[in-house]
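For clarity, every value in this text was computed on a predicted model and none was experimentally measured. Each residue takes its place number in the sequence, starting with 1.
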Amino acid sequence: MSIELNHTIVTAKDKKASAQFLADMLGLEVSPQFGPFFPVAIPNGVTLDYMDSDGGPITPQHYAFLVSEDEFDAIFGRIKDAGLTYWADPYHKIVNEINTNDGGRGAYFDDPNGHSLEILTRPYGSGK
């Protein structure tokens, strides 16, 4: 059997609202609650399972999504329509610009918990 990532847990202040935010931005659906989790299934079979924090600070994580050019356009449109700040770089220094790394396009934006979300159309190192 090959090894595949199946799911990861994403800590949130409000698990349902946070799962809905990701689903809305990516054009996906929130699955029904499963135990303490609200899962968002990504088309490659991985789920991000949102769970409420224990009330303490949330350590921001980074989640990158490889998308097609058409999906990038749709997601980026939703980011802009929502009035979200976005960045061309992971350090959040190049504001309201996208990058063209590896001959593709990429952008970073934050979710309501401070997690850094990235959309990119070409994997790192695949450049022309």
Side-chain angles (χ1 to χ4, degrees):
M1 175 178 174
S2 65
I3 299 172
E4 298 179 359
L5 180 64
N6 177 264
H7 69 277
T8 191
I9 297 172
V10 182
T11 306
K13 296 173 192 158
D14 180 334
K15 63 186 174 187
K16 186 174 183 181
S18 296
Q20 193 63 60
F21 174 84
L22 179 69
D24 289 346
M25 289 296 107
L26 298 183
L28 301 172
E29 299 289 327
V30 177
S31 299
Q33 185 169 349
F34 181 76
F37 308 109
F38 274 100
V40 177
I42 308 302
N44 67 343
V46 176
T47 62
L48 279 74
D49 296 343
Y50 281 82
M51 180 177 83
D52 284 335
S53 71
D54 60 4
I58 294 174
T59 302
Q61 300 295 313
H62 174 78
Y63 301 96
F65 302 93
L66 183 62
V67 300
S68 70
E69 291 289 340
D70 289 341
E71 289 166 328
F72 185 94
D73 290 337
I75 296 165
F76 189 61
R78 289 189 285 271
I79 291 167
K80 288 172 51 175
D81 288 347
L84 298 175
T85 301
Y86 56 93
W87 298 269
D89 66 305
Y91 304 106
H92 292 80
K93 293 186 188 276
I94 305 171
V95 181
N96 291 333
E97 292 185 34
I98 66 170
N99 68 60
T100 55
N101 297 340
D102 293 299
R105 295 183 292 163
Y108 298 80
F109 61 103
D110 288 345
D111 85 347
N113 303 288
H115 297 301
S116 179
L117 306 177
E118 177 185 7
I119 53 172
L120 67 159
T121 60
R122 302 268 319 235
Y124 291 125
S126 68
K128 298 177 181 178

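Counting only heavy atoms from C-beta outward, the side chains of W87 and I94 never approach each other to under 4.5 Å. By the 4.5 Å heavy-atom criterion applied to side chains, L26 and I75 are counted as neighbours. Side-chain contact between P90 and Y108 is present, with at least one heavy-atom pair separated by less than 4.5 Å. Inter-residue side-chain proximity for V46 and T8 is flagged as unmet; no heavy-atom pair is nearer than 4.5 Å. Using a 4.5 Å heavy-atom threshold, the side chains of L120 and F65 count as separate. Contact annotation: the side chain of M25 approaches that of L84 to within less than 4.5 Å [non-hydrogen atoms, C-beta and beyond]. When side chains are defined from C-beta on, Y86 counts as touching N96, because their heavy atoms get closer than 4.5 Å.
For the pair S18 (side chain) and D14 (backbone), a donor-acceptor distance under 3.5 Å is present. When atom types are taken as modelled, the side chain of D52 and the backbone of K15 share a donor-acceptor pair closer than 3.5 angstrom. In this structure a side-chain-to-backbone donor-acceptor pair under 3.5 Å is missing from H115 to A12. No donor-acceptor pair under 3.5 Å is formed between the side chain of H7 and the backbone N or O of L5. With D102 contributing its side chain and G125 its backbone, the two residues share a donor-acceptor pair below 3.5 Å. In this structure, S53 contributes its side chain and G55 its backbone to a donor-acceptor pair below 3.5 Å. A side-chain donor-acceptor contact under 3.5 Å links S68 to the backbone of E71. Within the 3.5 Å criterion, the main-chain N or O of N99 finds no donor-acceptor partner in the side chain of E97. Counting only distance, with no hydrogens or angles, the side chain of D111 and the backbone of N113 share a donor-acceptor pair below 3.5 Å. Using a distance-only test at 3.5 Å, with no hydrogens or angles considered, no donor-acceptor pair links the side chain of Q20 to the main chain of A17.
Atoms CZ and CD1, on F72 and I79 in that order, are 7.0 Å from each other to the nearest 0.5 Å. Note that CZ of F109 is 9.5 Å distant from CZ of R78, once rounded to the nearest 0.5 Å. With rounding to the nearest 0.5 Å, the separation of CD in Q61 from CD1 in I9 is 12.0 Å.
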Under the side-chain contact (heavy atoms from CB on, under 4.5 Å) criterion, do D49 and V10 qualify, and how do the steps go?
CA-CA 6 Å; D49 296 343; V10 182; over 6 Å; no
Determine, step by step, whether D110 and H92 satisfy the side-chain contact (heavy atoms from CB on, under 4.5 Å) criterion, reporting the C-alpha distance in whole Å, the side-chain angles of both residues, the deciding distance to 0.1 Å, and the verdict.
CA-CA 10 Å; D110 288 345; H92 292 80; 3.1 Å; yes
Go through L117 and L22 one step at a time and tell me if the side-chain contact (heavy atoms from CB on, under 4.5 Å) criterion holds.
CA-CA 9 Å; L117 306 177; L22 179 69; 4.0 Å; yes
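The minimum heavy-atom distance between P60 and G114, with the atom names listed, is CB-O, 3.3 Å. The shortest heavy-atom contact between I98 and A107 is CG2-CB, 4.0 Å.
The pair D73-R105 meets the salt-bridge criterion, with a side-chain N (NZ, NE, NH1 or NH2) lying under 4.0 Å from an Asp/Glu carboxylate O.
The hydrophobic clustering, which links ILVMFWY residues whose side-chain heavy atoms are closer than 4.5 Å, places V40 and Y63 together. Transitive grouping of hydrophobic side chains (ILVMFWY, heavy atoms separated by less than 4.5 Å) brings F76 and L28 into a common cluster. Using a 4.5 Å cut-off between side-chain heavy atoms of Ile, Leu, Val, Met, Phe, Trp and Tyr, with links allowed through other members, M51 and I42 fall into different hydrophobic clusters. A single hydrophobic cluster is not seen to contain both I58 and F21; linkage of ILVMFWY side chains at heavy-atom distances under 4.5 Å, directly or through other members, places them apart.
The 12-atom threshold is exceeded at CD of Q33, counting heavy atoms of other residues, nucleotides or ligands nearer than 6.0 Å.
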